[in-house]
> 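Below you'll find the structure I mean.
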Protein chains: 2
Amino acid sequence: MGKVNEDLIKERAKCSFNVEELTNFLDEGRDKTLERREREKLILTKKEEIFGGPPDHYLSHKEKYENAIRRAVVLFSLIRKLHAKNNTDLTNYRNILSCIFDTSISQDGSPFGLHYIMFMPVFMSQADEEQQRKWLQRALDCSIIGSYAQTELGHGTFIRGLETTATYDPSTKEFVLHSPTLTAYKWWPGALGNTANYCIVMAQLYTKGKCQGIHSFIVQVRDEETHIPLPGIKVGEMGAKMGLNIVNNGFLGFEHVRIPRTNMLMKHAQVLEDGTYVKSKNPKLIYGTMVFVRVVIVFNSVYSLAKATTIATRYSAVRRQTQMKPGEPELQIIDFVTQRDKVFSAIAACFAMMMNARRLWETFYIIDGQLHKGNLERLGELHALACCLKAVSTSDSAMFTERCRLACGGNGYMHSSNLPLTYALTSASCTYEGDNTVLLLQTARFLLKVWRQMDTVPLTPTVAYLKDASTPGYCDKWNNTVDGIIRGYRTVAMRKISSCVEIMTNKVMSGMSQEDAWNTTSIELVSAAESHCRALVISTYHEDMSKACKDMSPPLTEAMQHLVQLYAVYWTLEKMADFLQYTPISHSDVAFLRSWYVELLDKVRPNAVGLVDAFDIIDEFLQSSLGAYDGRVYERLMEEALKSPLNAEPVNQSFHKYLKPFMQGKL
Amino acid sequence: MGKVNEDLIKERAKCSFNVEELTNFLDEGRDKTLERREREKLILTKKEEIFGGPPDHYLSHKEKYENAIRRAVVLFSLIRKLHAKNNTDLTNYRNILSCIFDTSISQDGSPFGLHYIMFMPVFMSQADEEQQRKWLQRALDCSIIGSYAQTELGHGTFIRGLETTATYDPSTKEFVLHSPTLTAYKWWPGALGNTANYCIVMAQLYTKGKCQGIHSFIVQVRDEETHIPLPGIKVGEMGAKMGLNIVNNGFLGFEHVRIPRTNMLMKHAQVLEDGTYVKSKNPKLIYGTMVFVRVVIVFNSVYSLAKATTIATRYSAVRRQTQMKPGEPELQIIDFVTQRDKVFSAIAACFAMMMNARRLWETFYIIDGQLHKGNLERLGELHALACCLKAVSTSDSAMFTERCRLACGGNGYMHSSNLPLTYALTSASCTYEGDNTVLLLQTARFLLKVWRQMDTVPLTPTVAYLKDASTPGYCDKWNNTVDGIIRGYRTVAMRKISSCVEIMTNKVMSGMSQEDAWNTTSIELVSAAESHCRALVISTYHEDMSKACKDMSPPLTEAMQHLVQLYAVYWTLEKMADFLQYTPISHSDVAFLRSWYVELLDKVRPNAVGLVDAFDIIDEFLQSSLGAYDGRVYERLMEEALKSPLNAEPVNQSFHKYLKPFMQGKL
């Protein structure tokens, strides 16, 4: 780190609160901050091995992979040690995953991420005790590296449509795995291309001539010694992508590959030696892992956005452009209201989503505990909650990240800013683990069911507001406060849900099939689910932050409250069409909110750099010429440019080979 | 091309109109279609040299450049021939540029694009006759390759802030070019990194001890024989970017570099031998080129979007996912209403922007003609029009392209789909040649001026609606027709503009400076300019399409009218908050528009593939595994995956070097 930029020094002096206090809050406690820093310090002991070398964006696709593996074995040796300390604790596991994510964004994904995020959780939740004895320790030790293969070339969203078959042969007590068509090839499993040697494969189980639906199988795909694909296994890398290239996503086809009966994950359902199929007592139990993964994605999207806002905020404080008044110096671009709008709304979103990720985690933790005791009552609610939060947090993060990138102008287009990659990674999460539109429709299905049963079935916590909001008088008068806005949001969600029920009912009554009624109402259904989610997000943010503020110093409390207000007002203005339709908001209220918004931008202004400093993202994780702590933006841009291999020689060979003959008219 | 996918065959049979008729219309005449196809045929004579070889996304940064130059010299030898046929005609020049764009999107930009798009137009408009005699033919022949250097590391939007100096030394009759600081380095000029040997440089002119502001100079940067940078010239490539990597953007610094006096472009302003500065008679004349470039960008963004919609539509017809009803085959995803919403709204936007690009071109052509006769009357209007159309067309194109990409699910994330690159290129145009927020503020400045002078100065065509819209009774009743919607848009724009004037006036009256009033109102100003632009876009689209329909067959007329309606309704729903605030639209109108929208999606449905087929983008330009004419989506995805160098060997070397020791716990 060099000398810190003068403007950043001034910004930091201006901040009204203690940055470390906020950092501790974000980490959920001072001890947690220290723990995290210990983890980071450990990683930085191998700084050169993990972060050194040529930047990825100058390498070829193949070199990127090789470079990534070189770095990852060093990083994951450390992570393995961290993990070994406390193997079984779920919270510790979340920390491990955070640590993987923290480092993965700086490096276009993580070569062993899927092993931790999908392979191990799925294995732990679906393997029986004997299987766990056989493989779990090896997986924990990374002496096997696993992937998870569900999606196929022709099949993603519709899991029942998967084509890969696992046919039981009682004569040898084996399953025969087979890919009957090209579209049956597994497609997308992370680490599968060249890295993993084991894989959990989802396939249609056939036994005694009958299809029993999708089940999981653990399959060895490569020899442990030579790494050569086993016979009948067609495995490879799926090619270059917008991002996540070092994740090494792969394809996988089977040509009548035989695996032992005991490789079917048998904790819930079983196939006995004679081929008898024993149903799972509760097939829904496996949803727990799916929800866990979505919880992790929500945290991850918050973290991505924290990076993007850190970069954009620091750059906006350093960058000066345009003289407002003759003779004055050019303005820091952070002082343009349109810039504040883009960047500060993203900061507020980051805090809002952070509080919601925490709440989701707590909810998951409670309901998962109930699940393990056989109580499935709140699983539907948890699923609906995780679906919409995953959808809204990833698409908001992607949208705000891209706004932050564009707010950095041309320099945000440079890979050295790390904004293009941050966007590419965040944007991917809008699709993986459930396309956002599909997920919102799942939440909508839950909401419609809840609405229809409201008079007979008690409402669970996340939908309890629907009853209040449909009570006469709930939102008769508009109130320009955060509480008033929350009432507005709940009213909007309630009205949209009830309107969807009405539309659907009318369509079905007039003779339309249930499916067509659903499809032709789907734009409204998506919109209702989104509104429901926004009502939850804003109310959770407000409630949990208000609680948290009780333990904060007054200056930090004030700063936090400004952000809550900013978030509430921003999204009310964004979704104004809803409020004008479904609440008694007036034109003068709209005008009031507009000026309140600009005022709030003004109030956040002196704290902007402090707020992102509090995310405490070290430069090694940030990997950004525009966002480094010292703000030496222009020096770094030039330093990174000079690393381009095209600058290694004064004249590129293509001049002599192609350009000169062309210019001389010889072509 | 292989056997065409069955679903696509059915789609094509279903199309209600003659695709070739639409293609001819899009090309502006049957003869133009034939001419275009002739150009394409010519390019395809060198198909292997221009499009063959390893896909860019597997190459390193340096290899990409070298590969691009290898391909480009072949392509541009052909383009040079095409250009030579009709050097001076502006329409022909636009065709040449189209041709460059058509090929550049398939290849991450164009190595010589800037030579045609900036260097030559600027040179032609600013060089005096002697300079033209000296350099123009050489530029046309590509025996020199030029770049255009304006933006600096520390300076983009605010041109007056440029730091590079050109100081006249009468003793030697030379200018001394100098970069006094790091932030003075030129930053971004296309082709400058390793390709160009000449450059037009914008610098602060100093003569007789006085700064005369920004002027243009033609500077040789590399030796014509050896290509080695000339003494005092610090030139290099600026590093990897989100896209446009083969454009070879560069940096350029000067260490007291001397160039002859006659290298200042002297058509408008001059420095005489003794150092006397002769002012331009009209310094605004140079805006013509800037507008021309923005016109080209609008066309280019339409073309990008046409590619994205072609890919997404064909893929949506081929991809099947989810059984709607038990026993039925999985649905083509084009039949999900949420998918139609994403893809068809993009198709409609494409047609709308196409018609607007044409109108902008005609307007430019007329006003540019007037400019050359010294009539600058409509320059302000043209500038304001080009600013907002550039902003809205590029951000809409980027937004719709990204929606199309996401609508293709995971496979849209694959580089082989060509959607990530299409987005990266379109997104860049939101920033270059004027950041969109800045451009909308420029349009806003014009609109406020117009509004304030409305009673005294006659309104020019693009703002004439403001008078009508402010006439009492103009939009007293909402009308659910395209005409009604246009009235609504005009009312919204008028109300927002007048409201901005009012807010600004109040702020200034209450003691705020003009600059602060502008800044604190800028969110509303941007929004007003956008609404103005949308009012223009929808009315131009409707008017010009209605005129065009008079010469179309009834089925095509019907299809075109559905698209106009779809576009109008889509954007009304998108911008509903505006309509609810500023027009008499009622809740039942909103409900009506929502169902009309779903009906229109249904009407467009059978023609969707035909509509994008009519764009007639050949597979070589499309470069998409998902979008090829034959719809062999899965085969192509796998073929492209198999090209990955990571699939060349069964075991990557990194296994032995890094992975195995790690897995065996030896790290």
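Here is how names work: the chains are called A, B, and so on, in the same order as the sequence lines, proteins then strands, and each is numbered from 1.
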> With a 4.5 angstrom heavy-atom cut-off, could you sort out which part of B:Glu63 is near chain A: side chain, backbone, both or neither?
side chain
> Examine whether an atom of A:Arg320 lies under 4.5 Å from a heavy atom of chain B, and if so say whether it belongs to the side chain, the backbone or both; otherwise answer neither.
backbone
> Need one label for B:Trp187: side chain, backbone, both or neither, based on atoms under 4.5 Å from any heavy atom in chain A.
side chain
> Non-hydrogen atoms of chain A under 4.5 Å away: do they reach the side chain of B:Val73, the backbone, both or neither?
both
> Is it the backbone or the side chain of B:Asp335 that comes under 4.5 Å from a heavy atom of chain A, or both, or neither?
backbone
> Check A:Glu66 with B:Lys657, please: is the shortest side-chain N to carboxylate O separation under 4.0 Å?
no
> Tell me, for A:Ser427 versus chain B, whether the close heavy atoms (under 4.5 Å) come from the side chain, the backbone, both or neither.
both
> Could you look at A:Arg222 and say if it's the side chain, the backbone, both or neither that has a heavy atom under 4.5 Å from chain B?
side chain
> Examine whether an atom of A:Asn197 lies under 4.5 Å from a heavy atom of chain B, and if so say whether it belongs to the side chain, the backbone or both; otherwise answer neither.
side chain
> Would a distance-only check, ignoring hydrogens and angles, find a side-chain to backbone donor-acceptor pair under 3.5 Å from B:Asn647 to A:Glu237?
yes
> Determine, using ring centers only, whether B:Phe112 and A:Phe662 are less than 6.0 Å apart.
yes
> Is it the backbone or the side chain of A:Tyr634 that comes under 4.5 Å from a heavy atom of chain B, or both, or neither?
both
> Can you tell which part of B:Tyr65 gets under 4.5 Å to a heavy atom of chain A, answering side chain, backbone, both or neither?
side chain
> Does any backbone or side-chain atom of B:Lys575 lie under 4.5 Å from a heavy atom of chain A? Answer side chain, backbone, both or neither.
neither
> Quick one: what part of A:Cys430 sits under 4.5 Å from any heavy atom of chain B, side chain, backbone, both or neither?
side chain
> Hey, are B:Glu649 and A:Lys62 close enough for a salt bridge, meaning a charged N less than 4.0 Å from a carboxylate O?
yes
> Which answer fits B:Ser143, side chain, backbone, both or neither, if we ask what part of it has an atom under 4.5 Å from a heavy atom of chain A?
both
> Could you tell me which of A:Pro229, A:Gly161, A:Pro55, A:Pro420 has the largest number of non-hydrogen atom pairs under 4.5 Å with chain B?
A:Pro420
> Is it the backbone or the side chain of A:Glu402 that comes under 4.5 Å from a heavy atom of chain B, or both, or neither?
side chain
> Any sub-3.5 Å donor-acceptor pair from B:Tyr413's side-chain atoms to A:Ala424's backbone N or O?
yes
